[in-house]
Amino acid sequence: MPTKSFFHGADWNPEQWPEQVRAEDLALMREARVTAATVGVFSWSRLEPTPGVYDFGWLDRVLDGLHDHGIGAVLATPTASPPPWFTLAHPGALATRRDGVRLVHGSRDTYCVNAPAYRAASLRIASALAGRYARHPAVRLWHVHNEYGTWCFCDHCARAFRGWLRARHGTLDALNDAWTADFWSQRHTDWAQVLPPRATQYLGNPAQELDYRRFLSDSMLAAFAEQRDAIKAVAPEAQVTTNFVLGGWVPVDHARWSHEVDLVAIDHYPSSLDGVPAQSAFAADAARGWSAAAGHGGSWLLMEHAPAHVTENGVQRRKPPGMLARTALGHIARGSQGAMYFQWRASTGGAEQWHSAIVGHSGPATRTYHEFRALGETLASEGRAPSCRSAYKKVPFQTGEAGSPAAGAGDRGVAVWFDEVCGWAVGASHLPAPLDYQGVVEGWHRALWRHGYPVDVVPPTATLAGYRVLVVPAAYLLTDESARRLDEYVREGGHLVVTYLSGIVDEHLRVRVGGYPGALRDLLGIRVEELDPLPPGVVVTLDNGDAVTGWTEHLTAPDAEVLVRHAVGRPAVTRREHGVGLAYYVSCALDEAATARLLDGVCAAAGVAPILPGLPDGVEAVRTADGVWLFNHTDEPYDIAGRVLAGGTVTRLPHP
Ligand code: GAL
C-alpha cells in the first residue's frame with residue numbers, strides 16, 4: 001500500500017530552475033537516497049498560465065525524471081496560491097480581514113475558502129492534475145493544498161456561516177441560547193442578522209468566535225474533501241493527505257480532520273533551538289495521537305521541517321551538527337513514516353530566499369547536505385524505518401457514545417489530553433488572565449518527556465482505556481461526554497491528573513455553575529470558589545516548598561484528601577479515590593521541576609516507570625517496536641546500559 005511508503009526527501013520547486021539544475025538535483029537526490037520529493041505546491045501559475053489552458057509539459061518531465069531516478073513524488077495540488085489572473089477575474093474570492101479590508105494579490109493564501117469561484121477553480125485544477133497523473137508511477141501520495149488555515153470574514157463566509165449555524169443549532173432560539181445572546185442585547189430575530197465575528201467596538205461574543213473557528217475548520221475540510229474525492233474518482237486507491245500546521249491561531253480542528261485524510265501529515269517548525277527536542281517530541285506524539293484516534297493505527301508523516309535552522313524570535317539560528325539526524329530519527333521513532341524537509345534547494349529570490357535548504361545557495365558542498373546524505377545512508381542501511389511502539393493498536397474510531405471498552409489498569413503508560421478546540425476557547429481575550437493553552441499542555445508533556453516516561457498525546461476522542469495515567473491540563477472547555485468518559489476512566493482504574501482552569505465551561509462556553517470545575521467537581525471531590533491568577537513576578541509558595549507563578553485558585557476539598565497546601569493553609573493539590581482509580585486536582589501552576597516531582601509520585605503510584613531509569617538530562621529514550629532508541633542531545637558522551645553514547649548521536653538498544 002502506498003501509505004506504507006517511507007519518505008526521506010523534501011519540497012522541491014523545479015519550476016524555479018533550468019533543466020540543468022533539475023538534472024543535478026535528481027542526481028544529488030539519488031546520491032542522498034531520497035525516496036520522495038514533494039512537487040507542485042505553489043505551481044498553479046505555471047500549470048494553468050491562463051484560465052483553462054494547462055501546461056503540464058514541465059511537470060511531466062519532473063515526474064518522469066523522479067521516476068527514472070527511483071524517486072517517488074508527493075504530488076501537491078496548488079490551491080494555496082491562486083495565480084494573478086484568478087484574483088483579477090474574481091476579486092470577491094480574495095480574503096477579507098476581520099476589519100473589512102479585502103486583501104490584494106501579492107503573497108500566498110490570499111483566497112476565501114467559501115468563495116464559489118475559488119472552490120470551482122480549485123476543483124478544476126485538482127481534477128486536471130488527477131486526470132493526468134493519478135496513475136503516474138512516481139506518485140506515492142497526494143498532498144492537497146498547503147497548510148489550510150486562512151481566515152476570511154467576507155460576505156461569502158457570512159452566508160455560509162448562517163447555513164452552518166442552522167445545521168448546528170437548528171433554530172434561532174437555540175443559537176441565541178448557545179451564544180448567550182441576552183448579554184449585551186445580542187438576541188437575533190432573523191438569520192440575516194447573524195454575522196461572522198468581524199471587528200467591533202469592544203469585546204466580541206466568545207461563543208460566536210468559537211463557532212466561527214469551528215465553521216472555518218469545516219469549510220476548509222469540505223474544500224479538502226472535494227479535491228480528495230476528485231482524485232479518488234480517478235484513482236480510488238490513491239492516498240491523499242494535506243499538511244497540518246500546528247498552532248493555536250490556525251482554525252483547523254486536526255483531530256477531526258484526521259478522519260478525512262489517508263495519512264496524518266504535519267509540518268513542524270520549533271520556536272527555539274533549545275526547544276527542538278521537546279517540541280519535536282510533543283508534535284510527533286500529537287500527530288501519532290490524531291492518527292490513532294482516527295483509526296490509522298498511530299502512523300503519520302512529518303511532511304515539512306527546516307533542515308538547517310530554527311527561527312527564534314525572528315533570528316535564524318543554525319542547527320548544530322547532528323541535530324538534523326537526531327530530529328528526523330526522533331520523529332521516525334515516534335511513528336512518522338519518514339522525515340521530509342522544506343526545502344530541497346534554496347530559492348535565489350522570493351519571500352523565502354533566506355530559508356534553509358538541503359542544497360543551499362552555495363551548493364551541495366555543505367555540512368547540511370552531507371548530514372542529510374548520511375541520514376539517507378543510515379535509513380537505507382536500516383532497511384526499514386523504526387516505528388514507535390506506542391500505546392496504539394489499530395482500533396476503529398471511538399465516538400465515545402457507545403462507551404469505552406473495558407478499562408482497568410493497563411500497560412499504556414501516560415497520556416496527555418490535548419484538545420485544540422479547548423485551546424481556541426482558552427485563547428479568547430476575556431478570560432481572567434491570558435493563558436497559553438498549548439504551552440500549558442506542552443509543559444506537562446515536557447516534564448514527562450524529560451523524565452523518560454512513555455507518553456502519548458491524545459485528543460478527546462481517543463480510547464483512554466489502558467493508560468495508567470492521564471493528564472488533563474487546562475481543559476477549560478469540557479463537553480458532557482468528555483466529563484463522562486473521564487469519570488469512567490477513573491472508576492475503572494485510571495489515575496487522572498486534572499489541572500487548574502479545567503471543566504469550567506460547556507461546548508458553548510457557558511459556565512457550569514455551583515463551583516468550578518462544574519464538569520468534574522464530583523469526580524475530584526473539590527469545589528473551586530474563586531480563580532486567582534497571579535500577575536507577572538508574583539510567586540507564592542506551597543507547604544512542600546514548591547513555588548507557584550501565574551495561576552492559583554481558592555478551593556475547598558469536601559470529598560478529597562489534600563496532598564499539598566499553600567503556605568497559608570488552603571488546599572493546592574488534592575486526590576480522591578473513585579471506583580478503583582484516583583483523581584488528582586492540581587489547582588495552581590507549578591514550575592517544571594515541581595511538575596516533574598508530582599508526576600514521579602503519580603506515576604509511581606500507578607506503576608508507570610521511565611523507559612530507562614536514571615538517564616542524564618538531555619538524553620532521550622524512545623521505545624519502538626525494534627528496540628529502545630537513545631538520543632543524546634548534549635555534547636557529552638555517556639555510558640548507558642554498557643554502551644558509550646557519544647555526544648550528539650543516536651543509538652538503538654535491543655529490547656531486554
Ligand atoms: C511552511 C510552509 C512552506 C514554507 C515553510 C517555511 O509553513 O508550508 O511552504 O513556507 O513554512 O518555513
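Worth knowing before you read on, the calculation uses all heavy atoms, side chains too, and leaves out hydrogens, waters and symmetry mates. All ligand and atom numbering here is 1-based and tracks the order in the structure.
Of the N and O atoms on the side chains of Asp60 and His136, not one donor lies less than 3.5 Å from an acceptor on the other residue. Under the 3.5 Å distance criterion, with hydrogens and angles disregarded, no donor-acceptor pair is assigned to the side chains of Trp17 and Asp25.
Ring pair Tyr118/Trp44 is tilted by interplanar angle, where 30° to 60° counts as tilted.
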Phe86 and Tyr111: ring-ring contact (aromatic ring centres under 6.0 Å, His included), yes or no, with the steps? CA-CA 10 Å; Phe86 173 79; Tyr111 59 84; 9.4 Å; no
Could you give the N/O to N/O pairs under 3.5 Å linking ligand 1 and the protein, each with its distance?
from, atom 1, to, atom 2, distance (Å)
ligand 1, 7 (O), Glu147, OE1, 2.6
ligand 1, 7 (O), Glu147, OE2, 2.6
ligand 1, 8 (O), Asn146, ND2, 2.9
ligand 1, 8 (O), Glu147, OE1, 3.2
ligand 1, 8 (O), Glu147, OE2, 3.2
ligand 1, 8 (O), Glu304, OE1, 3.1
ligand 1, 8 (O), Glu304, OE2, 2.8
ligand 1, 9 (O), Arg108, NH1, 2.9
ligand 1, 10 (O), Arg108, NH1, 3.0
ligand 1, 10 (O), Arg108, NH2, 3.0
ligand 1, 10 (O), Glu352, OE1, 3.1
ligand 1, 10 (O), Glu352, OE2, 2.5
ligand 1, 12 (O), His355, NE2, 2.6

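Applying the salt bridge (charged side-chain N to carboxylate O under 4.0 Å, His left out) test to residues at least two apart or on different chains, the pairs with a partner in residues 110-127 are Arg119-Glu226.
Within 6.0 Å of CD in Gln353 there are more than 12 heavy atoms belonging to other residues, nucleotides or ligands.
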